[in-house]
Amino acid sequence: PPPAPPARASLPARASLPARASLPARASLPARATPCGAGGDSRVWLTPPFSQTDKMGAGAKADARVPVTVLTGFLGSGKTTLLNHILTATHGKKIAIIENEFGDVGIDDKLLEKNAKMQCDEELVEMMNGCICCTVRQDLVKVIHKLAERCQAGLKLDGIVIETTGMADPAPVAQTFFVDERTSAFARLDGIVTLVDAKHVEQHLDDDKGEGVENEAVEQVAFADRLLLNKIDLVSAEDLKRVEARLRSINKLAPILQCERSNVSVDQVLNIEGFDLDKTLEMDPGFLSTEGAEHEHDDTVSSVSIVQSGEVELEEIEKFISYLLREKGTDLYRMKGVLAVAHAVEKFVYHSVHMLFSGDFVEPWAPGEERSCKMVFIGKNLDEEDIKRRFQKCLASGEKDAARRQALRFAVGDRVECAVNNCWAPGTVIAHMYRDDGMPPGLLAPYQVKIDHGAAVYVPADSVHLIRELKD
């Protein structure tokens, strides 16, 4: 059997710490994907709570939940054409299309009648190619629950596409997959795909909506994990280059795929792993580069990217992300990154939509791979200088380690009491800045203490709730 995780100091019954909004390994359970500031502790914790430490590790299974793509795009961009293609083409995949019937253009009723294999119930129609067309008349959650019930009864789904016509902000849809436990257990939000009309997008982006009114086209581009630049046959090569530069000035995060008549492979829409920055970098290694980016338009909506060699300190990066979600969450449309956390062998990969945050320690850094941090922020009125300045304070260094060690309240050899198993136990400090492989990723314990007549424990924080002076 694997060795037991090291003992640790715990809180006594009469003391408590703020609840941790943490995320378990390779899963994003809704109870732990709490919007920052929504109650309890407003700080994002990257490590699991101590009760979860023995569940962490690189051996976790891959996520088997059904991937969900949110499809958005301005009127006339080609969404209906794309959805019709998915519902009728022979692609060998069973995909559920969830259509918002309050949108501008719906799936053609005659197309449904012609290609429908069976009417499952009032809201679910199975097509001849095996896909399922759903209509949202009430609550999106109810439709997803119906799909979950079908899957429990034997239906195998390769993916779900949700069309959000007329709804520029995908946060309400995203929240469904974070907050509703039944939904998040069945499906995972995989990416946001925006269809763009190459011929008319510039006039939509330039449309002045008036003070206090958001430009929906700008927001749709800003939220995207992938941009499908459609109708490229209607513009010149020079116009196409200008349009791509314009899109990149708003969102440097999303790869741009060109297409005509919405003719794209289903694989370019489904299971794109859009929330994984490493996967995005594999597709487009230079997308974080700022060279050649135009900044003449849409000054209020922009992208900020950080590429930094080295590692960050766990506590400092938690504070940094928490600050952004708490203070800038409304204007911060999207955020994603890959972090090298000091004292963690695995990469920390995260993403957010407004104040909804999800992240996890995933696969280990490869031997010889440079440990570095890559972060992208997309939103309104972003202060690039302030963001980068605050991030720099998170970088790990020998000077910071020395200062932290100098600030410790107890020296090696001091007699102390530790909170162990809901009671105070006497012991002796035997080490500073302690770590072993059984501890949560990134955690460097300020103390290791040998309990009298007992085992050695680690103290996760230099807190009076966890460790105090032993008085005669």
Give, for atom OH of Tyr350 and atom CE of Met375, the distance between the pair rounded to the nearest 0.5 Å.
-> 2.5 Å
Assess whether atom NZ of Lys241 is packed by more than 12 heavy atoms of other residues, nucleotides or ligands within 6.0 Å.
-> no
For Arg404, side-chain hydrogen bond (donor to acceptor under 3.5 Å, both in side chains) partners two or more places apart | Glu313, Asp401
Applying ring pair (Phe, Tyr, Trp, His ring centres under 6.0 Å), which residue pairs with at least one partner in residues 251-272 are found, sequence neighbours left out?
-> none
Hey, does the side chain of Arg65 reach the backbone of Ser184 with a donor-acceptor pair shorter than 3.5 angstrom?
-> yes
Taken in chain and number order and not counting sequence neighbours, the residues that satisfy salt bridge (Lys or Arg N to Asp or Glu O under 4.0 Å) with Arg409 are Asp462
Could you tell me whether a side-chain N or O of Arg371 sits under 3.5 Å from a main-chain N or O of Val341, the two making a donor and an acceptor?
-> yes
Sorted by chain and number, sequence neighbours left out, side-chain hydrogen bond (donor to acceptor under 3.5 Å, both in side chains) with Glu149 holds for Arg182
Thr330 meets the side-chain hydrogen bond (donor to acceptor under 3.5 Å, both in side chains) criterion, sequence neighbours left out, with none
Exam field: side chain Lys400 to backbone Lys393, donor-acceptor pair closer than 3.5 Å | yes
Residues, nucleotides or ligands: over 12 heavy atoms within 6.0 Å of Lys328 NZ = no
Does Glu417 have any salt bridge (Lys or Arg N to Asp or Glu O under 4.0 Å) partners at least two apart in sequence or in another chain, and if so, which?
-> Arg468
Please confirm whether the backbone N or O of Val141 pairs with a side-chain atom of Thr183, one donor and one acceptor, at under 3.5 Å?
-> no
Quick one: ring-ring contact (aromatic ring centres under 6.0 Å, His included) partners of Phe410, sequence neighbours excluded?
-> Tyr447
Can you measure from CG (Asp452) to CG (Leu470) and round to the nearest 0.5 angstrom?
-> 8.0 Å
Among all residues two or more places apart in sequence or in another chain, which pass the side-chain contact (heavy atoms from CB on, under 4.5 Å) test with Glu327?
-> Tyr323
Donor-acceptor list for residues 151-158 side chains, cut-off 3.5 Å, not counting sequence neighbours:
{"from": "Lys156", "atom 1": "NZ", "to": "Asp158", "atom 2": "OD1", "distance (Å)": "3.1"}
{"from": "Asp158", "atom 1": "OD2", "to": "Lys94", "atom 2": "N", "distance (Å)": "2.8"}

By side-chain hydrogen bond (donor to acceptor under 3.5 Å, both in side chains) - contacts of Glu385 (at least two apart) | none
How many angstroms lie between CD1 in Ile192 and CD1 in Ile162, if you round to the nearest 0.5 Å?
-> 10.5 Å
Salt bridge (Lys or Arg N to Asp or Glu O under 4.0 Å) involving Asp331 - partner list, sequence neighbours excluded | Lys380
With sequence neighbours excluded, residues passing side-chain contact (heavy atoms from CB on, under 4.5 Å) with Ser372 | Lys374
Side-chain (Asn251) to main-chain (Val221) donor-acceptor, under 3.5 angstrom | yes
